[in-house]
Amino acid sequence: MNYFKYIKDILLEEIEVLVSDDKLPAGLDLSRIGVEPTKDAAHGDLASNAAMVLAKPAKTNPRELGQLLADRLNARDEIEKAEVAGPGFVNMRLVPEFWTNQISAVLKAGIGYGDCDLGNGEAVNVEYVSANPTGPMHIGHARGAVIGDALASLLSKAGYAVSREYYINDAGAQVDVLARSAHLRYREALGEEIGDIPDGLYPGDYLKQTGQDLAERDGDKWQGITDDEWLPELRSFAIDAMMDLIREDLGALGVKHDVFTSERELVGSGSNDEVVEELQSRDLVYMGTLEPPKGKLPEDWEERPQLLFRSSNFGDDVDRPLKKAEGDWTYFASDIAYHRDKFRRGFASMIDVWGADHKGYVKRMQSAVNAITGNKGALDVRLCNLVNLLEDGKPAKMSKRAGSFVTLRDVVDEVGKGAVRFMMLTRSSNASLDFDLKKVTEQSKDNPVFYVQYAHARICSVIRNTAEAFPELSLDDSSLSGADVAQLRDPGELAMIKELAGWPQIVESAALAHEPHRVAFYLSDLAASFHAFWNRGNSDESLRFIVPDDSTKTLARVVLARAVAVVIASGLAVMGVEPVEEMR
RNA sequence: GCAUCCGUAGCUCAGUAGGAUAGAGCACAGGAUUCCUAAUCCUGGGGUCACAGGUUCGAAUCCUGUCGGGUGCACCA
C-alpha cells in the first residue's frame with residue numbers, strides 16, 4: 001500500500017464532508033491536491049497543499065480553509081495531530097501505530113513489497129540491447145542492457161504487463177561485412193595464410209572460432225567459389241554464431257528477453273512493402289529530393305530523388321527517406337515496419353532503449369509511430385550516454401579478444417555482474433558515466449554496490465546472532481510480521497520506518513518517469529539510514545539491535561532490521577542484483 | 001544553421017507528476033572503535049540552482065528568451 005494515497009483518501013473524504021456541510025462549494029477541481037512527506041520533521045510526517053490549491057476557487061483564504069481541514073483531520077484515528085502552517089500547508093503527524101503497522105506490511109509482502117497496480121495490466125514493450133550481431137557485447141551495450149532490463153522489472157513491479165524484446169539488426173550491410181570477415185577466418189582455419197585483416201572487415205579474434213566451426217562442419221565447401229555463392233550461408237552462419245555470443249554475454253549479465261525479432265525475417269515477410277503501401281494510401285509517401293543539410297555541406301553531396309515519408313507532418317524536422325537512391329530499403333523503413341508490428345501485437349506503449357549516438361533518430365521514429373498508429377501508440381526512447389571505463393582513474397585498456405573495444409565479458413569477469421548492474425544504474429541514463437574497475441571492487445562507501453550490500457549483510461548477521469542469543473525466538477518472516485513492535489519509538493527507528501514506507505511511492509514515480517536509476521539512489525539512502533542507526537549503538541548500547549536480557553526489544557529491532565533487508569532485496573531485485581548475506 | 005541533452009557546493013552528481021530553510025558522496029578540518037568488524041558513523045565550513053523575464057499563493061522544477069558546454073545532423077547502421 002502506498003501510504004500517501006491512503007492519507008490522501010482520508011483528506012479527500014474530509015473535503016467531501018466540508019462540501020456537504022456547505023463549507024466548501026461543490027465541483028471543485030481536486031486534481032492538484034497532493035500529499036507529500038515533509039522535508040523538516042518539525043512539520044510533521046506529511047503535508048498537503050489542499051488548502052492553498054482550493055482557497056482561490058472556494059473564495060476563501062488558505063489558512064482559514066486549512067484550519068477547517070485540520071480540525072476534521074484531528075478527529076481521525078490515524079492522525080495524531082494536524083495543523084496549519086506557513087502559507088496554508090496542512091501538516092499531519094500520524095500516530096506511531098500507523099508507522100509500526102507499516103513494518104508488518106513490509107514483512108507480509110516480502111520482496112513483493114512496493115508492488116502496485118499503477119499500470120493496471122497495460123501491455124508495454126521494452127526493447128533494449130539490440131546490439132548488431134557482429135561481435136561480442138562491449139561495455140557500452142551493457143548500460144543499455146541493464147537500464148532496459150531494470151526498467152522492464154520496474155514496470156512489471158508497478159503493474160504493467162511487460163514484454164522484453166531484442167531486435168536483431170541482421171539485414172543491413174554490416175552483416176555482409178560480418179560474413180566476409182567470417183569467410184576470411186574460415187579460409188584461415190583451412191590453413192590459408194590470410195595476413196592482416198583488411199580495412200573494413202571486423203578484425204576481432206572472436207571470429208576465429210566461427211571460422212573453425214564452419215570449417216569443421218562443412219570442410220572446404222565454401223572455398224574457391226564466388227562471393228555470391230557463399231555469402232548468404234556464411235552470413236546466416238555468422239549471425240547465428242554472433243547471436244550465441246551475445247546471448248552468452250547477456251546471460252553473464254543476467255539480462256533476459258522474452259522475444260527476439262529478426263529484421264531479416266520481418267523484411268522477408270514483406271512488412272516493409274505493406275507499411276509503405278499503407279502510408280501511400282494515406283498520401284504520406286512521395287518521391288522527392290531532400291535539401292542539403294544546413295551549415296556545412298558534405299563534399300560528396302548530390303541531389304538524390306528517393307522515396308520519402310512525410311515525417312514532418314508528425315513533428316519531425318524534415319521528411320525522411322524510406323528507400324536509398326539505389327532503391328534498397330533504409331533502416332528507417334524497416335524500423336517503421338517493426339514498430340507497426342509491435343503495435344499490432346498489442347503494444348500501444350513502447351519503450352526503446354538506445355545508445356546516445358542515435359539521438360538524432362528519435363524524432364523521426366516517434367513521428368513514424370504517431371503516423372502508423374493513428375496517434376494511439378506512444379514511443380518513449382531512453383537514450384543511454386557513454387560509459388567511460390576507467391582503471392584507477394585512467395582509461396582502461398582495450399581488449400585483446402575483441403580487437404578494438406573492452407568487452408562486457410571482461411568486465412563482468414573482473415568485477416561481477418551485480419557490481420556492473422548496480423553501477424550502470426547510479427546515474428540517470430542520459431548522463432555519461434565513469435565506471436572505474438578498481439572502485440567497484442573496493443570495500444568502502446565510495447562504492448555504492450558495497451555500501452548497500454553491506455547494510456543487507458549486517459542485517460543478516462544481526463538475525464543470525466539474535467538466533468544464538470535468544471534461541472527461543474522465532475525469527476522467520478511470518479513470526480516477525482506478527483511481533484510486537486510498539487517499542488519502536490526512537491526517532492531514528494521511526495525515520496527508518498518512514499523511509500521503508502516510502503518505497504512504494506519510489507516504485508510508482510520511477511516507473512512513471514521510466515527512470516530505474518532512482519531505485520539505486522533510494523537504496524543508497526536507505527542503507528545510509530541503517531548504517532547511521534547502527535552506529536548510534538556504538539555510543540549507546542540501549543540502541544543496539546541485540547539487547548541482552550530484553551527479548552521483546554530485541555525482537556522489535558530485529559523486525560525493523562529485517563524489514564530494511566526486505567526492502568533492500570526488493571529494490572535490488574528490480575535492479576537485477578542479488579543481495580548478499582555476508583561480506584566475508 | 002537546425003535538432004537534442006545539459007548547466008545545482010572546489011570535484012562527481014541526486015532532486016523536475018511546482019511546495020516551507022536546495023541534498024549526498026568525494027575533498028578539507030575535527031571526533032567516535034569492535035551486535036559484521038572504523039568496510040561504518042557523527043560534527044563543521046562550503047550555493048546568485050548559468051542569466052533575464054513570465055505563469056503561480058509558491059519555481060532548481062513549468063513557459064519564453066539570452067549565454068555557455070556535450071552530442072548528432074542527405075543516403076549509412
Side-chain angles (χ1 to χ4, degrees), chain A residues 31-32 34 36 38-40 42-43 47-49 51-53 55-56 61-62 85-89 91 132 134 169 171-175 289-298 300-304 306 316-318 320-321 323-326 328 330-332 335 356-363 383 385-386 426-428 430-434 442-448 450-451 453-455 457-462 464-466 469 508-509 512-513 517-518 520-522 524-525 527-528 530-539 541 543-548 554 557 561 582-584:
Chain A
S31 64
R32 288 180 57 217
E36 299 177 341
T38 55
K39 282 182 193 154
D40 187 340
H43 295 141
S48 175
N49 60 0
M52 292 178 289
V53 170
K56 203 175 208 180
N61 79 66
F89 288 101
N91 290 339
N132 286 341
T134 55
N169 292 130
Q174 80 282 5
V175 286
T289 308
L290 287 172
E291 298 280 312
K294 303 240 164 48
K296 57 177 200 300
L297 187 69
D300 57 344
W301 190 85
E302 56 185 37
E303 264 203 6
R304 273 185 216 138
Q306 52 194 153
D316 201 357
D317 309 315
V318 294
R320 304 289 182 177
K323 282 190 173 178
K324 301 176 201 170
E326 306 78 40
D328 294 338
T330 59
Y331 187 82
F332 183 46
D335 250 350
D357 51 335
H358 287 61
K359 197 180 283 182
Y361 206 76
V362 174
K363 265 195 179 180
L383 294 172
N385 218 318
L386 300 175
T426 54
R427 288 276 179 282
S428 70
N430 57 24
S432 66
L433 171 75
D434 287 345
E442 241 171 52
Q443 300 203 333
S444 78
K445 64 187 300 190
D446 242 13
N447 172 2
F450 169 80
Y451 189 72
Q453 290 284 26
Y454 184 32
R458 263 185 165 167
I459 292 167
C460 293
S461 166
V462 165
R464 285 193 297 268
N465 289 345
T466 305
E508 279 192 32
S509 61
L512 273 177
H517 74 277
R518 296 190 192 191
F521 281 94
Y522 168 78
S524 295
D525 286 348
F530 176 78
H531 288 309
F533 186 77
W534 174 280
N535 274 273
R536 288 181 59 201
N538 288 338
S539 49
E541 293 198 4
L543 287 175
R544 294 191 178 180
F545 284 87
I546 298 170
V547 187
T554 299
R557 292 249 167 83
E582 52 184 359
M583 304 302 292
R584 299 180 215 273

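Proteins come first, then strands; the chains are lettered A, B, ... in the order of their sequence lines, and each starts at number 1. All figures in this text were calculated on a predicted structure; none of them were measured in a lab.
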- Message: Does B:G23 have its OP1 or OP2 closer than 4.0 Å to a side-chain nitrogen or oxygen of A:K39?
- Response: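 For A:K39, the contact criterion (side-chain N or O under 4.0 Å from OP1 or OP2 of B:G23) is not met.
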- Does the side chain of A:S428 get closer than 4.0 angstrom to OP1 or OP2 of B:A14 through an N or O atom?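 So the side-chain polar atoms of A:S428 do come within 4.0 Å of the phosphate oxygens OP1 or OP2 of B:A14, strictly under.
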At under 4.0 Å between heavy atoms, what does [X] touch on the DNA or RNA strands: base, sugar-phosphate, or nothing?
{"X": "A:F533", "value": "nothing"}
{"X": "A:F521", "value": "sugar-phosphate"}
{"X": "A:A85", "value": "base"}
{"X": "A:H517", "value": "sugar-phosphate"}
{"X": "A:L512", "value": "base"}
{"X": "A:R518", "value": "sugar-phosphate"}
{"X": "A:A47", "value": "base"}
{"X": "A:N132", "value": "sugar-phosphate"}
{"X": "A:T426", "value": "nothing"}
{"X": "A:P321", "value": "sugar-phosphate"}
{"X": "A:V53", "value": "base"}
{"X": "A:T289", "value": "nothing"}
{"X": "A:K323", "value": "nothing"}
{"X": "A:A532", "value": "sugar-phosphate"}

May I ask you to decide if [Y]'s main-chain N or O and [X]'s side chain share a donor-acceptor pair within less than 3.5 Å?
{"X": "A:H531", "Y": "A:Y454", "value": "no"}
{"X": "A:T554", "Y": "A:I546", "value": "no"}
{"X": "A:N49", "Y": "A:R32", "value": "yes"}
{"X": "A:T38", "Y": "A:H43", "value": "no"}

Separation of the [atom1] atoms in [N] and [M], to the nearest angstrom:
{"N": "B:G45", "M": "B:A24", "atom1": "P", "answer": "12 Å"}
{"N": "B:A59", "M": "B:G19", "atom1": "C1'", "answer": "9 Å"}
{"N": "B:C63", "M": "B:U71", "atom1": "P", "answer": "25 Å"}
{"N": "B:G23", "M": "B:U43", "atom1": "P", "answer": "14 Å"}
{"N": "B:A60", "M": "B:G68", "atom1": "P", "answer": "25 Å"}
{"N": "B:G18", "M": "B:C76", "atom1": "P", "answer": "41 Å"}
{"N": "B:U55", "M": "B:U12", "atom1": "P", "answer": "36 Å"}
{"N": "B:A9", "M": "B:C49", "atom1": "C1'", "answer": "10 Å"}

- Message: For a quick check under 3.5 Å, do A:S428 and A:N430 share a side-chain donor-acceptor pair by atom type?
- Response: yes
- Query: Between the base of B:G15 and the side chain of A:R427, is there a donor-acceptor distance below 3.5 Å?
  - Reply: no
[X] side chain, from C-beta outward: closest of [options]:
{"X": "A:R544", "options": "B:U40, B:G19, B:U34", "answer": "B:U34"}
{"X": "A:K324", "options": "B:U34, B:C41, B:A77", "answer": "B:A77"}
{"X": "A:A173", "options": "B:A77, B:A74, B:A20", "answer": "B:A77"}
{"X": "A:K359", "options": "B:U71, B:A38, B:C42", "answer": "B:U71"}
{"X": "A:N430", "options": "B:U40, B:A77, B:C6", "answer": "B:C6"}

- Return the orientation label for the A:F530 and A:F545 ring planes: parallel under 30°, perpendicular over 60°, tilted otherwise. tilted
- Residue whose nearest RNA chain B nucleotide is more 5′ - A:I459 or A:N535: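 Of the two residues, A:I459 wins.
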- Item | side-chain contact (heavy atoms from CB on, under 4.5 Å) between A:R557 and A:F533, worked out | CA-CA 11 Å; A:R557 292 249 167 83; A:F533 186 77; 4.0 Å; yes
